[in-house]
**Student:** 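Take a look at the following structure, please.
First listed ligand is number 1; within each ligand, the first listed atom is number 1.
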Amino acid sequence: MGGTEQKYVSEAFESNWVAPLGPNVDNFEKDLCQFTGAKHAAALSAGTAALHLALILSDVKQDDLVICQSFTFSASANPITYQGAIPVFVDSEEETWNMCPVQLEKAIKACLSGEIEIKKKGKVGAKKPKAIIPVHLYGMPAKMDEIMAIAKKYDIPVIEDAAESLGSTYKDKQTGTFGKFSILSFNGNKIITTSGGGALLSNDETLIQKARFLATQARDNAPHYQHSHIGYNYRMSNIVAGIGRGQMEVLPERVKQRRAVYQWYNAYFQNVNNTKGYNIVLQPEAEGSLSNRWLTAVLIDPERNKGLTKERLRLALEQENIESRPLWKPMHLQPVFDYAPFFGNGTSKKLFDQGLCLPSSSNMTEENMQRIKVVLDRVLL
Ligand SMILES: *Cc1c(COP(=O)(O)O)cnc(C)c1O
């Protein structure tokens with residue numbers, strides 16, 4: 001926490017705005033728009049809820065096809081199945097680790113020509129995908145120019161999953177402002193948090209109004225409880241939004257802190273690469289992109305690192321009670337999505353096999369870093 005969160009939460013208590021609406025919600029939405037440059041925002045109970053609403057508002061229904069980055073957290077793909085739709089997974093490219101534009105176009109062409117086959121169900125017939133979900137993983141912006149050009153060419157809306165990239169920019173524009181919709185997350189592990197929460201961003205005011213309507217049980221305009229649509233209880237509470245307002249004040253500082261952690265690791269690994277013959281690779285920052293460096297991740301190819309594996313490093317850290325984690329396991333390799341079509345060339349699997357997320361918290365102390373360095377030195381020197 002940054003320090004001012006409690007002030008906003010207290011205001012909610014004092015004014016008795018303890019509800020899924022109120023001044024903190026309105027102001028948090030304004031803060032999000034002001035920071036990102038998005039025209040409209042709806043504060044919601046989770047990033048997953050935001051993605052679900054974006055799919056509903058993109059008219060995603062039973063047996064529709066939705067293209068999704070395979071290399072991501074499961075929450076990017078799960079809401080597709082809430083609608084009874086079928087995820088079509090697309091691989092990553094090496095430069096940003098995010099959605100590969102070449103594989104994306106292959107996937108779209110296959111959908112349009114009726115080549116998509118579902119395990120045990122067979123061919124689904126020619127269909128235009130209803131949406132494309134690229135993700136800015138670990139804060140790194142995806143290749144948005146290329147992805148948006150393909151989306152435009154085939155006239156398919158983009159839902160940008162910016163859950164991990166709040167504060168990152170692509171060609172001087174904040175992530176979360178490229179798609180027709182974008183989603184943010186304020187879950188406990190993200191760069192800023194409201195304990196749990198999310199937001200849907202769009203430049204289209206009507207769509208955001210519809211999102212707010214669906215998120216509050218879809219009540220028609222009548223004195224009694226009248227419903228013409230299925231609704232959801234997806235709105236953010238005024239208490240939680242108070243935490244969000246305080247967190248927005250420290251977001252630029254958090255980005256600085258995360259980037260400083262990355263710089264520390266980068267200097268360390270550059271040094272062992274240069275002096276000890278290793279080839280440990282950090283997630284590259286493409287020209288024109290600035291990552292919030294939510295997590296610092298490394299790739300360790302045993303063939304280029306004297307047989308060292310990411311697992312050996314992970315276990316060495318674990319022995320000292322320091323947690324590190326493998327990168328996201330791609331969705332096309334998850335048992336729950338084993339039926340889903342996939343377009344790729346093995347990049348995301350390689351990233352999963354070789355990648356490790358290192359401790360990257362905004363509040364890492366010099367002492368924390370030294371403890372990590374001791375283990376890294378033990379393994380590498
Ligand atoms: C965290 C996350 C989500 C989901 O956000 P919640 O607020 O936890 O529901 C979606 N996509 C990605 C890539 C995430 O990291």
Side-chain angles (χ1 to χ4, degrees), residues 20 28-29 32 41-56 66-83 87 89-92 96-99 131-142 144 147 158-168 170 175-176 178-179 181-201 211 215 232-237 240-241 243-244 247 251 254 258 283 291-297 325-332 334 336-337 348 351-352 355 357 360-361:
F28 184 41
E29 289 175 348
L32 290 171
L44 301 166
S45 55
T48 310
L51 203 43
H52 188 200
L53 293 178
L55 291 168
I56 294 168
V66 174
I67 293 180
C68 183
Q69 182 165 322
S70 181
F71 188 48
T72 187
F73 176 49
S74 65
S76 304
N78 285 338
I80 300 168
T81 68
Y82 302 169
Q83 289 302 99
F89 291 117
V90 166
D91 212 347
S92 292
T96 72
W97 300 6
N98 291 307
M99 185 179 272
I132 301 167
I133 308 175
V135 189
H136 308 296
L137 227 50
Y138 307 120
M140 189 61 64
M144 289 316 288
I147 292 169
V158 167
I159 302 170
E160 217 186 317
D161 183 340
E164 300 179 2
S165 68
L166 185 55
S168 301
Y170 178 81
T175 57
F178 292 87
F181 296 100
S182 299
I183 72 114
L184 303 176
S185 169
F186 314 110
N187 196 44
N189 57 344
K190 298 298 184 334
I191 189 151
I192 62 164
T193 180
T194 59
S195 69
L200 182 67
L201 309 181
Y232 302 85
N233 186 3
Y234 279 174
R235 208 63 162 113
M236 180 180 277
S237 96
V240 161
I243 304 175
Q247 285 277 284
L251 174 55
R254 294 288 178 270
R258 299 261 172 170
Q283 189 176 23
S291 169
N292 67 11
R293 294 290 181 186
W294 174 54
L295 297 183
T296 293
R325 284 188 202 163
L327 304 192
W328 300 124
K329 182 172 181 179
M331 292 303 113
H332 74 280
Q334 297 287 357
V336 73
F337 290 122
S348 61
L351 293 170
F352 173 63
C357 290
S360 311
S361 176

**Student:** Test of understanding: with side chain to side chain contact (heavy atoms under 4.5 Å, CB included), list the residues that count as partners of Pro20, not counting sequence neighbours.
**Tutor:** Arg235

**Student:** Heavy atoms under 4.0 Å from ligand 1: which residues qualify?
**Tutor:** Ala46, Gly47, Thr48, Thr72, Phe73, Ala75, Ser76, Val135, Asp161, Ala163, Glu164, Ser185, Asn187, Lys190, Gly197

**Student:** Can you tell if the side chain of Met236 reaches within under 4.5 Å of the side chain of Thr194, non-hydrogen atoms only?
**Tutor:** yes

**Student:** Name the one of Trp328, Trp294, Tyr138 that satisfies ring pair (Phe, Tyr, Trp, His ring centres under 6.0 Å) with Phe73?
**Tutor:** Trp328

**Student:** State yes or no: are the ring centers of Tyr82 and Tyr232 separated by less than 6.0 Å?
**Tutor:** no

**Student:** Could you list the residues that satisfy side chain to side chain donor-acceptor pair (under 3.5 Å) with Ser361, not counting sequence neighbours?
**Tutor:** Asn363

**Student:** With a 3.5 Å cut-off and sequence neighbours excluded, list the donor-acceptor pairs that the side chains of residues 43-53 form with protein atoms.
**Tutor:**
residue: Ser45; atom: OG; partner: Tyr234; partner atom: O; Å: 3.4
residue: His52; atom: ND1; partner: Tyr234; partner atom: OH; Å: 2.9
residue: His52; atom: NE2; partner: Gln83; partner atom: OE1; Å: 2.9

